[in-house]
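Residue numbers begin at 1 in each chain, while the letters A, B, ... track the order of the sequences. Here the structure is a predicted model, which means the values were calculated and not measured.
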Amino acid sequence: MSSSEERKLILKSSDNEEFVVKESSAVQCLTIKNLVEDRCVSDPIPLANVDSKILALVIEFMEKHAETTLSNSEKKEFDVEFVKKPFDDLLELILAANYLDFRELMDVLCNTCAKQMENWSVEEVREKFNIQNDYTVEEEKAARAENPWAFE
Amino acid sequence: MADWTDLPMDILVVIAQCLTVIEDFTSFTAVCKSWQSVTSILKKKPSLPTRYPRIMLAEKIDTEDQQNRDDQDASIRCFLNLLTSKTYQLQLPEARGRKCTGAHYGWLWTIGIDLQINLLHPFSRQQICLPPMLTLPDQYVYDERFMPQEVWGVFVAKIVMSSNPLKDKCLHDYNEDCTIVAIYGEYAILVFTKLGDTVWTNISVQSRVYQDIIFYNGKFYAVDVHGVVVVCDFDDANGPKAIVIAPAPIETNDTYQKYLVESSGHLLLVARFRKGISLNFDDDVDDEEEGDDNEEDMGDVDGNVNVDEVEDVKDCGNEEEKEAGYYTTGFFVWRLDECHEEGSNYAYRLTQVTSLGDQALFLGSNVSTSVASSESIKPNCIYFTDDNYELYFEEPGGGGHDTGIFNMEDKTTQLNYAGESRSNISPPLWYI
């Protein structure tokens, strides 16, 4: 009977690699869920903004969190290990989660970024996130005056 | 290759909302311009806790020039960093002329001549109204000396919350489960309310003169002037009441101020002893004066080793301190342990503690807190501020002098900051 058959979707990365996923897992991404509900699913679904390396990781997370047999604490344990990745990968994952509108992955990644920043000085944050300081000397002075807790 | 500065604004906002302390948030917004623009989207700074304790100094009141002082300057409150001794200024008109006391999670509570009691977050300047002073059940019998407008500075002694009053750090939704217990009134009894309630409700107590409250392991505990510890039971059919769980420690008496604090997972009872002319404690006091009973009690304590230590501490005090009406000379600490003895009347027993390990206690006009040692916080010390609010008026310039860092190991006290910051209403306090 068709109702007991798991519906599958094919997702295609920007570099043309195809991944088969269960529809029930994939609809955690609202972008995909909307396509399914509007019956606009093409075969495969092209994801122009996500390369294969990142898409594979997204699918790994997606399938883990769709597993009904896992408890919340088991999922949390998985998350802790999942986010132990190079910084640049985290950035790519965030952008992918945003593009796919995958709230749960987004929250885990954003929390990870916030945790990384714990206890870093402003200079350290700039260095580790590879961000250029675009304040002028004057502006930085004003920022320091406004945010007295930041520069201790 | 994507760059972190390419992050769309809505993702930056989500990351900013995951930050858990003020220090991280201000660092975040100071990184670069696009990160700073998050604050304009959030519209308000978040009401976050602070990572490190700071001292919130008293209001600067230029009594000579009150008429002409700039309104802006009068609203500035200074926060002092313990490590660098730098002070940082925040605009805080909401605290002007009001008594401020620490409420934990980065909040203060304030009370003023308008008799309103508010939670105030100095960083976000968010305020949450609690039921006003006149809704407290047991008011003074009205006479000239005790009109509410005269006594607001001493009517409410302490307020402790069961959790952060906000559900989510940024969204300003109130946490409806937040229960708030306070010590108030002529007899310093216990009362409670919940966020959103319009009145306070008494907690039935068998004693009076409570001195501290703490929320520990899901319950509120309080200690009275004798040192008896109670737990608050909100499930009793007859209404909320306090149940005695531990007897008063024998090494203390009513003249020592009591505190309750959680440290390293345990509940600690701390007694603070003071000396000074205002307390009739001085050795020179005539035996026939009021202090007589107290002298006897002191005699009991004399039998212990501790008196020598107290004497030593007194000698270490500076001359100015000894002139003061009151000054702190030391602390005792006990740990409450569950008592499984057959036939014991109490659920807990007290064991004296000589070391706090790597923790430091912060006591005063704040929710008693234990903090792990770090670059700016010494282990095994008690950081205290002047919370002897009933005697502030008797000190020249106001209270605020009785503050310092007590070392549990060698029983010495040192200053925690140079300079003077005094007030009759709201001297320096720990902002934690």
Side-chain angles (χ1 to χ4, degrees), chain A residues 14 49-51 54 83 86-99 101-136 139-152, chain B residues 1-37 39 45-46 48 50-52 54 76-91 106 122-123 169-170 374-376 431:
Chain A
S14 56
N49 288 359
V50 189
D51 71 25
I54 297 299
V83 296
F87 237 34
D88 289 333
D89 282 2
L90 291 179
L91 171 62
E92 300 285 345
L93 278 166
I94 288 179
L95 293 173
N98 190 44
Y99 172 72
D101 204 350
F102 190 173
R103 191 75 221 190
E104 224 174 312
L105 176 56
M106 187 65 128
D107 285 346
V108 167
L109 292 167
C110 287
N111 253 311
T112 306
C113 286
K115 267 202 142 61
Q116 300 271 21
M117 289 186 229
E118 258 176 41
N119 254 337
W120 284 352
S121 66
V122 174
E123 286 76 17
E124 281 173 298
V125 171
R126 285 178 187 148
E127 188 203 333
K128 297 192 203 263
F129 282 78
N130 197 24
I131 293 174
Q132 292 296 339
N133 176 9
D134 57 354
Y135 283 115
T136 62
E139 287 166 339
E140 179 129 14
K141 234 169 128 174
R144 278 173 192 259
E146 258 230 2
N147 292 309
W149 312 83
F151 295 92
E152 295 184 349
Chain B
M1 192 57 177
D3 195 271
W4 285 95
T5 49
D6 292 337
L7 274 183
M9 190 50 58
D10 49 351
I11 300 185
L12 275 178
V13 170
V14 175
I15 296 179
Q17 289 175 312
C18 292
L19 298 169
T20 54
V21 293
I22 300 175
E23 290 86 342
D24 293 342
F25 185 83
T26 49
S27 296
F28 181 96
T29 57
V31 166
C32 65
K33 288 185 188 173
S34 66
W35 287 35
Q36 201 221 15
S37 55
T39 31
K45 291 180 184 164
L48 294 171
T50 181
R51 176 174 283 125
Y52 297 115
R54 288 176 175 77
I76 287 176
R77 290 306 276 268
C78 293
F79 289 75
L80 177 68
N81 177 319
L82 290 173
L83 180 65
T84 62
S85 295
K86 278 191 192 166
T87 56
Y88 298 98
Q89 298 181 338
L90 290 182
Q91 276 288 336
F123 182 64
K169 291 152 284 200
C170 274
S374 66
E375 218 186 341
S376 55
Y431 176 65

(message) To check you understand the geometry: which heavy-atom pair defines the closest contact between A:V122 and B:V31, and what is its length?
(response) CG1-CA, 4.0 Å

(message) So, taking the atom named CZ in A:R126 and the one named OG in B:S27, what distance separates them when rounded to the nearest 0.5 Å?
(response) 10.0 Å

(request) Hey, could you give me the OG1/NZ distance between B:T20 and A:K115, rounded to the nearest 0.5 Å? (result) 7.0 Å

(request) Determine the minimum heavy-atom distance between B:K33 and A:D134, stating which atoms define it. (result) N-OD1, 2.9 Å

(message) For a quick test of reading the model, state the closest non-hydrogen atom pair linking A:N98 to B:P8 and the distance between them.
(response) ND2-CG, 3.7 Å

(request) Measure the CG-CG distance between A:L95 and B:L7 for me, rounded to the nearest 0.5 Å. (result) 6.0 Å

(request) Assess whether atom CG of A:N133 is packed by more than 12 heavy atoms of other residues, nucleotides or ligands within 6.0 Å. (result) yes

(message) To the closest 0.5 Å, what do you measure between CD (A:Q116) and CG (B:D24)?
(response) 12.0 Å

(request) Measure the shortest side-chain to side-chain distance between A:E118 and B:V21 over non-hydrogen atoms and say whether it is less than 4.5 angstrom. (result) no

(request) Output the distance between atom SG (B:C32) and atom CD (A:E139), rounded to the nearest 0.5 Å. (result) 11.5 Å

(request) With rounding to the nearest 0.5 Å, note down the distance linking CD1 in B:I15 to CG in A:D107. (result) 11.0 Å

(message) Students often mix this up, so state it plainly: with edges at 30° and 60°, are the rings of B:W4 and A:F129 parallel, tilted or perpendicular?
(response) perpendicular

